[in-house]
Amino acid sequence: MSDKQVKLIALDMDGTLLTPEHEVSERNRKAIKTALEQGIDVILSTGRSWDTCFPVAEELGLTSYLITANGGQIWTIEKELLQEHLLKTETVEKMYILAREKNMHCWMISTEKVFRGHAPDNLYDHQWLKFGCASEDKNKLDQMIKELSHYEELELTNSLPTNIEINPKGVSKAQALKFLCEKIGITMDNVMAVGDSLNDIKMIQESGVGVAMGNAQVAIKKVANYSTDTNEEDGVGKAIEKYAL
């Protein structure tokens with residue numbers, strides 16, 4: 001057990017809570033159930049859109065909040081939107097054109113849905129939370145990061161070493177967690193955060209108990225207080241058992 005009292009557990013989904021088959025293992029499920037029974041808040045803190053994470057929250061019997069689109073939106077489990085941060089549509093358009101020129105795979109999260117591989121007919125008919133692009137070619141990723149670094153209004157992270165995720169400046173899972181801590185009446189010292197990628201780095205750094213998955217990117221392992229097993233080996237369940245319960 002850590003020396004900090006854990007009152008809230010924030011879990012990334014892909015590469016963390018979920019197995020490579022996108023399922024929640026039995027041990028992870030049990031540990032979450034026990035934490036909830038002990039009065040610890042458990043929330044999903046993900047780069048995913050609302051509609052792709054809510055079913056998992058429901059299945060796990062979570063009762064409080066959800067952080068979606070890397071902190072682009074904060075929801076209650078009753079589907080009330082508490083906070084939202086939008087990208088400028090003209091910036092999304094520029095990023096989309098850039099990524100297409102480089103032959104990169106794109107996806108973008110609007111306030112209603114996720115577009116994968118293609119943009120809607122008119123970008124300006126939608127409001128945008130997040131833009132993502134991916135390539136197996138590291139040079140393309142590096143070029144894209146270089147071009148995007150000229151935009152001061154953007155926050156760049158990733159959810160895999162082969163992609164780039166873009167939110168408005170200052171938006172992060174950590175910022176969303178701070179907002180929720182104030183709402184609940186706890187501090188970031190009472191938070192245990194578990195993740196594997198750069199979009200998790202700030203929440204892991206700023207939480208009292210920051211845990212890196214066994215399959216996490218090296219940068220995450222460097223800033224975490226603890227490491228656990230991989231997402232194929234019940235890493236989340238083991239971390240909850242060890243540091244929160």
Side-chain angles (χ1 to χ4, degrees), residues 1-18 24 28-29 31-32 34-36 38-48 53 56-57 60 62-75 77 82-83 155 157-160 165 167 170-231 233-245:
M1 182 131 184
S2 81
D3 53 356
K4 305 254 169 63
Q5 198 201 345
V6 174
K7 295 179 183 174
L8 187 155
I9 299 169
L11 302 173
D12 169 54
M13 289 176 67
D14 297 288
T16 301
L17 172 64
L18 304 178
V24 182
N28 286 359
R29 208 179 280 276
I32 288 168
T34 308
L36 291 168
Q38 291 186 11
I40 299 171
D41 255 320
V42 181
I43 66 170
L44 301 178
S45 182
T46 176
R48 287 183 176 214
C53 82
V56 178
L60 292 170
L62 304 188
T63 53
S64 56
Y65 305 100
L66 292 171
I67 294 169
T68 64
N70 290 339
Q73 289 182 327
I74 306 172
W75 296 85
I77 213 84
L82 299 176
Q83 207 182 69
E155 190 80 36
T157 59
N158 73 23
S159 57
L160 283 170
E165 297 202 338
N167 285 83
V171 172
S172 68
K173 295 178 179 185
Q175 172 271 328
L177 276 172
K178 284 179 191 157
F179 170 83
L180 289 179
C181 283
E182 267 180 41
K183 204 168 169 53
I184 297 165
I186 60 175
T187 71
M188 286 294 280
D189 259 358
N190 302 126
V191 175
M192 168 173 150
V194 192
D196 69 312
S197 298
L198 292 185
N199 61 356
D200 303 311
I201 197 163
K202 286 183 177 171
M203 75 167 182
I204 286 173
Q205 270 176 315
E206 296 179 36
S207 295
V209 183
V211 183
M213 294 298 292
N215 50 288
Q217 295 173 35
V218 177
I220 311 302
K221 292 183 176 177
K222 283 186 175 159
V223 302
N225 307 100
Y226 307 103
S227 276
T228 184
D229 280 339
T230 70
N231 64 325
E233 306 164 311
D234 310 311
V236 162
K238 291 172 183 172
I240 292 173
E241 291 160 17
K242 200 165 174 184
Y243 307 119
L245 302 178

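Just so you know, residue 1 is the first one in the sequence shown, and it goes up from there.
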Criterion side chain to side chain contact (heavy atoms under 4.5 Å, CB included) on K242 and T228, from CA distance to verdict: CA-CA 9 Å; K242 200 165 174 184; T228 184; over 6 Å; no
Output yes when a side-chain donor or acceptor of [X] lies under 3.5 Å from a complementary backbone atom of [Y], and no otherwise.
{"X": "S197", "Y": "N199", "result": "no"}
{"X": "K173", "Y": "S45", "result": "yes"}
{"X": "D12", "Y": "V194", "result": "no"}
{"X": "K221", "Y": "N215", "result": "no"}
{"X": "S172", "Y": "Q175", "result": "yes"}

From CA spacing to verdict: side chain to side chain contact (heavy atoms under 4.5 Å, CB included), L8, L177: CA-CA 10 Å; L8 187 155; L177 276 172; 3.9 Å; yes
Step-by-step side chain to side chain contact (heavy atoms under 4.5 Å, CB included) determination, N28 to L60: CA-CA 10 Å; N28 286 359; L60 292 170; over 6 Å; no
Neighbour count above 12 (heavy atom, 6.0 Å) for Q38 CD: yes
Distance-only donor-acceptor check, side chains E233 and T230, under 3.5 Å: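 Present: a donor and an acceptor within the cut-off.
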Flag for N70-E155: side-chain donor and acceptor within less than 3.5 Å: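 Distance-only check fails for E155 and N70.
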With the side chain counted from C-beta on, respond yes when [X] and [Y] share a heavy-atom pair under 4.5 Å apart, and no when they do not.
{"X": "D229", "Y": "D234", "value": "no"}
{"X": "L11", "Y": "I43", "value": "no"}
{"X": "I184", "Y": "N190", "value": "no"}

Criterion side-chain contact (heavy atoms from CB on, under 4.5 Å) against L180, the qualifying member of I186, D41, I67: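 Looking at I186, D41, I67, the match for L180 under the side-chain contact (heavy atoms from CB on, under 4.5 Å) is I67.
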Exercise: identify the closest heavy-atom pair between V211 and A239: CG1-CB, 4.0 Å
Steps toward side chain to side chain contact (heavy atoms under 4.5 Å, CB included) verdict (Y243, V6): CA-CA 8 Å; Y243 307 119; V6 174; 5.6 Å; no
